[in-house]
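Counting starts at 1 for both ligands and their atoms, in listed order. Bear in mind the structure is a predicted one, so any value in this text is a computation, not a measurement.
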Amino acid sequence: MMIAPVDPAGEYRVLATEIDDAVRGVLSSGQFVAGAEVAAFERELADYVDTAHVVGVGNGTDALEIALAACGVECGDSVAVPAFTFAATVEAVVRVGATPLLIDIVDSDFAIDVRALAERLAKGAKVKAVIPVHLYGHPADMEALLELRERYGLTVIEDAAQSHGARCRIAGESRRVGGLGDAACFSFYPTKNLGAAGDGGAIATSNAEIAARARLIANHGDASKYEHVLADGRNSRLDAIQAAILRIKLRRLDEWNDARRRIAGSYTANLAPAAVGLPKVRAGAESVYHQFAVRVSERDRTQAVLRELGVAAGVHYPRAIHQQPGFARFAESGESYPCAERAAAEILCLPIYPLMTDETREAVERALVQALEQG
Ligand SMILES: Cc1ncc(COP(=O)(O)O)c(C=O)c1O
């Protein structure tokens, strides 16, 4: 039997009674879009990430696009993004008509290199906004980025799609990601740390104007019944069934993130002698290990041997952004992105999910050691 990288069905199994009741409740209420469940989830997520507002939307990609528009990013603006992330981060920038400014990442945490961005700004680059991505559940260096925000008046939109519950230290205080910039975007794709039973997303912000604009954009620009105050509104709403399920799973999030951290701790201890680069955690940060991403020199071969040994390890992602055909035009001449390219060539994500047993984890460790020895 193949060891899967994730286990959304297992999460359902342990919560089945609660989820079934909640779904039946929504179905019998007849309120399938928006309504009480969505409002309650928005309130609970806002409390969790410590923001004044949360706006539920259709998915994480929409959350990014709507947040950018709600923050006033528009045609002709430049938005700094990491050169290594899921495509959605960059797609959203392009979809609002802005231009992505690719910035290399840092080897140690796979997040945007804030120093490289600072150099670009110091040389006069006109940047309206920046999207730090807390990749694999590890927070980007928000403390350094918030300093740049002050100095250059940047708009900061966190891409927190992979990092529900992660923390970092800002001015000596441990803070959850999602409430650190002007707005933050979450995905509830089923395999995320907080995963729905379908697509879902949210924008968190403490700025009432950004929240109101985001809500307007996501609901056809409809200010009150059929008074459409925007021409470029759209439909991107969170379903009530997803909200009801997310409310149940949000109550488990900290416990399940702790379980991910325990598994990551065991992987780190047991794989220390192996020829792999292990993930590092920045001082003051708490990763929620959406992925446990190791670096392996012969990655594709190791992944293939692992598969033969019954372990499905993932490659997130096999290409840096500028190596994608659709985004290659955003690579600037004279710029290089060596850390992003290295990550794309070396990264291998081992199975990790909150309900993973010790036996399964040990089987992954044994298989990885064997795969490396065969190399
Ligand atoms: C870093 C990142 N940003 C954005 C998204 C987009 O989220 P969604 O799939 O819900 O549209 C994802 C989802 O995989 C992601 O990993």
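Remark: E365 engages R361 in a salt bridge, criterion side-chain N to carboxylate O under 4.0 Å. Taking the charged nitrogens against the carboxylate oxygens, D113 and R120 have no contact shorter than 4.0 Å, which rules out a salt bridge. A salt bridge links R261 to E286: at least one charged side-chain nitrogen sits closer than 4.0 Å to a carboxylate oxygen. Taking the charged nitrogens against the carboxylate oxygens, E65 and R234 do have a contact shorter than 4.0 Å, which makes a salt bridge.
Considering backbone and side-chain N/O of V133, none are found under 3.5 Å from N/O of ligand 1. Between K192 and ligand 1, an N or O atom pair is found at a separation short of 3.5 Å.
Each of the following atoms of ligand 1 lies closer than 4.0 Å to a heavy atom of A88: 4 (C), 5 (C), 6 (C). Within ligand 1, the atoms closer than 4.0 Å to a non-hydrogen atom of G60 are 6 (C), 7 (O), 8 (P), 10 (O), 11 (O), numbered from 1 in the order shown.
A donor and an acceptor atom, one from each side chain of N193 and N257, are located under 3.5 Å apart. With no hydrogens or angles considered, no side-chain donor-acceptor pair links D7 and Y12 at under 3.5 Å.
Scanning the protein heavy atoms around atom 12 (C) of ligand 1, the nearest turns out to be F86 CD2, 3.5 Å. Protein heavy atom at the shortest distance from atom 16 (O) of ligand 1 is Q162 NE2, 2.8 Å. Summary of contacts: the protein heavy atom closest to atom 1 (C) of ligand 1 is D159 OD2, 3.5 Å. When hydrogens are left out, the protein atom nearest atom 9 (O) of ligand 1 is S187 OG, 4.0 Å; that is the closest non-hydrogen contact. The nearest protein atom to atom 15 (C) of ligand 1, hydrogens excluded, is given as A161 CB, 3.5 Å; this is a heavy-atom distance. For atom 11 (O) of ligand 1, the closest non-hydrogen atom on the protein side is T61 OG1, 2.5 Å.
What you find for C349 and Y136 is that their closest heavy atoms are SG-CE2, 4.4 Å.
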